[in-house]
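Structure record follows, encoded as structure tokens.
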2 protein chains.
Amino acid sequence: MSTPSAIDFWFDFSSPYGYLMAERIDALAARFGRQVRWHPILLGIIFQATGSRPPADGISSKGKYMLHDFARSARFLGIPYRMPSRFPLPTQNAARAYYWLHGRDCAQARRFAHAVFNAFFVDDRDISAPDTVLEIAAQLGVDREPLAAALQSPEIKARLKDECEQALAAGVFGSPHVIVDGEHFFGADRLPQLERWLESGGF
Amino acid sequence: MSTPSAIDFWFDFSSPYGYLMAERIDALAARFGRQVRWHPILLGIIFQATGSRPPADGISSKGKYMLHDFARSARFLGIPYRMPSRFPLPTQNAARAYYWLHGRDCAQARRFAHAVFNAFFVDDRDISAPDTVLEIAAQLGVDREPLAAALQSPEIKARLKDECEQALAAGVFGSPHVIVDGEHFFGADRLPQLERWLESGGF
């Protein structure tokens with residue numbers, strides 16, 4: 001029996017539903033013997049290329065609903081959540097740090113990703129700041145200097161750009177966006193459909 | 001013990017997720033002793049007023065995904081679905097007929113609403129046409145002539161306009177949009193959260 005293919009999980013660190021998916025997808029995939037490849041990307045680039053838009057502006061009736069739904073969806077899933085006071089935030093530093101870490105220790109990169117989401121959506125920290133990113137990594141035992149240098153390195157900048165281009169080429173238009181065996185699932189609210197898909201190999 | 005308040009269910013007859021919600025909401029509400037007030041509205045008016053947009057254009061990566069998700073979500077819920085060949089369609093005739101019928105026999109109006117959704121999302125009929133609306137109603141025993149007159153009556157036109165204005169005033173921005181005890185649920189994918197809300201009186 002061949003190993004089932006990995007699941008691709010595309011997200012922006014500033015995406016509330018991306019955070020909810022991040023808190024659930026590894027355990028779900030593991031139940032079905034699947035690995036998950038995490039791909040932090042920049043929604044600004046995705047929205048610009050696809051003409052899509054962020055879900056919440058906080059002012060319109062839809063925007064107010066979305067802010068409410070972020071927190072209610074977290075409660076529904078049993079995940080801690082506090083609406084960040086600054087939202088959304090640019091996430092290129094967090095994403096670049098992720099890819100640099102991933103090249104050295106992919107398990108540590110995964111722990112870092114969870115810690116970034118937690119810093120933003122539970123502790124209300126400014127994850128756009130390089131210092132915050134470096135502090136989060138330092139708490140996981142990562143040396144500050146080489147990571148600070150990596151955040152400005154052409155190679156890491158190119159890696160993030162390349163991931164965004166790969167996302168667009170794959171048809172990603174938002175966060176979270178999960179692709180399994182060519183099947184796309186957009187949004188944390190597709191977790192039940194993703195689960196049934198993994199269970200049944202399609203439905 | 002007081003009777004629990006009714007649930008308000010806002011939808012457009014051309015909305016695939018509105019159809020999925022329509023197929024489930026009455027049975028769900030009944031389990032918790034709730035009535036549902038159905039309100040067909042015109043999404044064109046809602047989108048114009050709120051600046052919101054339809055989910056699917058069929059061309060972009062997001063649009064293609066949405067068309068795929070309509071059908072997959074229907075399969076997930078066990079509801080028959082066939083993507084209409086003409087989509088979306090204007091639905092003022094179906095909505096006007098609904099309100100006219102509702103003023104005479106609310107149970108018949110409910111059967112009519114299900115039949116309109118079925119005609120569009122299973123039988124691929126052109127529900128924008130007055131003739132189709134009259135035929136659907138005739139199969140439920142409704143006389144053609146008075147309904148044909150009602151579709152053009154100032155009173156019924158005003159009723160539909162008023163329902164759209166009430167929807168906007170209530171904060172409705174799309175379809176399906178459900179309000180229970182002041183709590184808003186947008187989208188058929190919020191059925192599990194709606195169920196938990198009804199079970200627990202909030203979460």
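Every chain is numbered from 1 and lettered A, B, ... according to where its sequence line falls, protein lines coming before strand lines.
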By ring pair (Phe, Tyr, Trp, His ring centres under 6.0 Å), A:Phe120 pairs with (sequence neighbours left out) none
Ordered numerically, the heavy-atom neighbours of chain A under 4.5 Å found in residues 192-203 of chain B are B:Pro192, B:Gln193, B:Arg196, B:Trp197, B:Phe203
For B:Asp69, the salt bridge (Lys or Arg N to Asp or Glu O under 4.0 Å) test, sequence neighbours excluded, returns A:Arg190, B:Arg72
Honestly, the part of A:His177 sitting under 4.5 Å from a heavy atom of chain B is neither
Checklist entry - Has A:Glu135 got more than 12 heavy atoms of other residues, nucleotides or ligands less than 6.0 Å from its CD? => result yes
Is the count of non-hydrogen atoms from other residues, nucleotides or ligands lying under 6.0 Å from B:Gln35 atom CD greater than 12? no
Check the surroundings of atom CD in B:Gln166: do more than 12 heavy atoms from other residues, nucleotides or ligands lie under 6.0 Å from it?
-> yes
What one should report as the nearest heavy-atom pair of B:Tyr65 and A:Phe186 is OH-N, 2.8 Å
Ordered numerically, the heavy-atom neighbours of chain B under 4.5 Å found in residues 74-111 of chain A are A:Arg75, A:Phe76
Per-residue tally against chain B (heavy atom, under 4.5 Å) across A:Ser73, A:Gly171, A:Gly51, A:Gly174 peaks at A:Ser73
Task: Side-chain heavy atoms of B:Ser61 within contact of A:Thr50, under 4.5 Å - done: yes
